[in-house]
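Written out below as structure tokens is the structure these notes cover.
The first residue in the sequence is number 1, and the count goes up from there. When a ligand or atom number is given, it counts from 1 through the structure's own listing order.
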Amino acid sequence: MLRLKNTLTRKLEEFKPLEGNTVRIYACGPTVYGNIHIGNFRTFVAVDVLQRYLKYRGYDVSYAMNITDVDDKIIRGLKESGKSLDEYTGFYTGQFMEDLERLNVEMPDVLPRATAHIPEMLALMERLDQHGRTYKSDGSLYYRIESFPEYGRLSGSKLEGNQSGARVDVDEYDKADARDFVLWKATKEEGEPSWGSPYGAGRPGWHLECSAMSMKYLGESFDIHCGGIDLIFPHHENEIAQSEGATGKRFVKTWFHVEFLLVEGEKMSKRKGNFYTLRDLVEKGYSPQAIRFLLLSVPYRTQLNFTFDELRARQSSLERLQNFKRRVEGARSEESGARGREVSEARSVQDAINSAKSAFEAGMDDDLNTSAALAGVFDLVRDINIAMDSGGLSENDKVATLEFLDSVDSVLGVLGNRPGENITAELEARVEELIKQRHAARRDRDFARADQIRDELAQQGVVLEDTAQGTRWKLKR
Ligand SMILES: [Zn+2]
């Protein structure tokens with residue numbers, strides 16, 4: 001039985017869908033004003049693992065993720081770019097989709113955009129209005145927090161300092177600034193994106209879109225709402241106030257929040273120069289599969305300290321897994337009907353697979369403890385390698401091992417050969433090693449050796465490019 005930690009109750013709870021066999025999931029998606037960083041991708045990979053594991057467990061999944069295509073940050077970026085709103089956000093939405101695909105994240109069933117759902121948001125505001133939860137001020141519409149006594153339950157905010165009627169207009173703010181928040185923002189400057197409404201020309205506040213779109217696609221009550229922990233307050237708190245304030249029903253059963261990602265022990269920031277997008281890492285020569293593997297290998301409720309040492313370590317453990325799969329595929333089959341080979345005394349390959357499967361499932365059932373689940377898989381790699389060292393595998397054992405790897409990979413998504421991906425992890429490791437040796441040769445002023453390495457790589461179709469940031473490489477087309 002799958003158990004998930006629920007931010008709302010702060011408890012580990014047995015998971016059961018609200019209705020039938022379908023799990024309805026919503027994840028807060030990206031704000032499309034730039035290439036998003038690996039901290040955000042940690043969240044999207046974690047949600048992907050969640051929805052893949054629910055499918056592994058036999059559930060149907062209905063999954064929606066929004067695209068925020070109008071907010072304070074976008075409007076700032078838009079002014080600088082001189083582009084139209086659609087051009088500007090369309091470009092970054094495309095980049096985001098490409099990144100998801102490279103990370104082998106399965107596409108949500110729907111990816112609604114905020115600006116395509118203004119009527120739904122206006123309808124929701126009208127319902128809030130009817131329940132006396134809103135008030136107008138200077139052409140904007142605000143949510144009256146006082147009207148919703150449950151406010152603060154998710155984040156544990158006491159809101160003692162909150163003054164009735166004090167307002168906040170920005171899309172993001174912290175607990176110290178808890179105030180009545182804006183639902184509809186009056187247009188302030190000429191040329192800002194704006195839509196007509198009964199309150200006057202304006203645009204929706206950020207929080208409103210997620211309530212309106214999640215309820216449209218998943219129903220007024222649904223199973224799991226996901227996001228990074230930075231969204232608990234105010235975003236998710238405000239979503240609850242908006243949805244429950246309008247429907248009077250419980251909005252979400254389980255709140256699933258993914259912890260922060262630190263880079264080399266520090267908070268990521270552009271100023272510190274430790275801010276990485278997926279593209280930055282791929283340019284440095286790391287494979288998206290290894291990046292996905294690192295992002296998912298730390299349980300989602302634990303802080304992940306991203307370091308390049310760790311990325312290289314994960315890359316090589318992923319290679320071990322990939323090489324193992326190739327080795328099993330290529331293993332000589334013993335005569336069919338042969339008794340399964342033993343991995344140790346009185347322990348068959350089938351026993352080893354069974355215990356790896358139990359360990360994998362026990363780990364995943366424990367609030368998606370991917371680290372425990374992976375340990376089970378690597379135990380099997382060790383056991384079967386031992387069996388293969390002493391001969392072949394029976395056809396049955398071979399098939400059973402490959403079936404197990406496939407089922408595990410339906411959740412992990414790191415073993416498949418992706419279309420168009422001709423850079424294997426193996427090649428990558430070899431190239432990285434040769435680049436290191438070439439650096440060493442050049443440092444020792446052994447230029448003949450350095451050139452030899454460059455030629456060797458060229459023969460394998462690898463082109464090197466020396467830049468101020470180090471040596472980059474790519475495959476010759
Ligand atoms: Zn949201």
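Aromatic ring centres of Y300 and F256 lie closer together than 6.0 Å. Residues Y56 and Y53 bring their aromatic ring centres within 6.0 Å.
Residue contacts to the Zn ion (ligand 1): C28 brings an N, O or S atom closer than 2.8 Å. Among the backbone and side-chain atoms of H236, none of the N, O or S atoms lies under 2.8 Å from the Zn ion (ligand 1).
Here E361 pairs with K357 in a salt bridge; the nearest charged N to carboxylate O distance falls below 4.0 Å.
Between Y276 and F308, the ring planes are perpendicular. Angles over 60° get that label, and only those under 30° would be called parallel.
Within H235, the N/O/S atom positioned nearest the Zn ion (ligand 1) carries the name NE2.
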